[in-house]
Structure formats: C-alpha cells, structure tokens
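Note: hydrogens, waters and symmetry copies are ignored here, and every other heavy atom, side chains too, is used.
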Amino acid sequence: MRIADVLRETGLSRNTVTLMYRETAQKFDVDALDKLCRLFNCSVSDLLEFMDEEE
C-alpha cells in the first residue's frame, strides 16, 4: 500500500504518515494509531515495538 493510499483511507496528514513510515516520529497521536489499526485490521502492538535505548 502506498502512502497516498493510507492518506486517502485514513484522512491523516502526509507528515504524520511519513514520520511513522520512516520510523522518525517522536510521539504518536492516539487517533492516528486508531485509524491505522482500523485500516490494517491490526492492534497497536503490531504497529509499535518497544526498544531499550541501549540496544
């Protein structure tokens, strides 16, 4: 799925989706996570991974 498809389906901004796609987002909006989970039929844990800073 292209970023443009995600934008169209979720109504999220290009900046929000691009930051998540490139894994450079510093924080996540709960509404954005909800829209992505609904689009991909997944849970938040499928989108996010906790990594210790030492790794």
Worksheet item: Should I3 and L19 be counted in the same cluster of Ile, Leu, Val, Met, Phe, Trp and Tyr side chains packed under 4.5 Å apart?
Response: no

Fill in: OH/Y21: more than 12 non-hydrogen atoms of other groups inside 6.0 Å
no

Worksheet item: Can you list the residues that meet the side chain to side chain contact (heavy atoms under 4.5 Å, CB included) rule with D31, with sequence neighbours excluded?
Response: D29, K35

Using a 3.5 Å cut-off and no angle test, enumerate the donor-acceptor pairs between side-chain atoms of residues 44-51 and protein atoms at least two apart in sequence or in another chain.
from : atom 1 : to  : atom 2 : distance (Å)
S45  : OG     : S43 : OG     : 3.0
D46  : OD2    : S43 : N      : 3.0
D46  : OD2    : S43 : OG     : 3.3

Response to the item:
So CD of E9 and CZ of R38: to nearest 0.5 Å the spacing works out to 14.0 Å

Worksheet entry | Any residue meeting side chain to side chain donor-acceptor pair (under 3.5 Å) with T16, in chain and number order, not counting sequence neighbours | S13

Item to complete: Take M20 and L12, measure what side chain to side chain contact (heavy atoms under 4.5 Å, CB included) needs, and give me the verdict at the end.
Response: CA-CA 11 Å; M20 290 180 170; L12 295 171; 5.6 Å; no

Worksheet entry | Working for side chain to side chain contact (heavy atoms under 4.5 Å, CB included), residues L36 and V6 | CA-CA 8 Å; L36 290 170; V6 174; 3.8 Å; yes

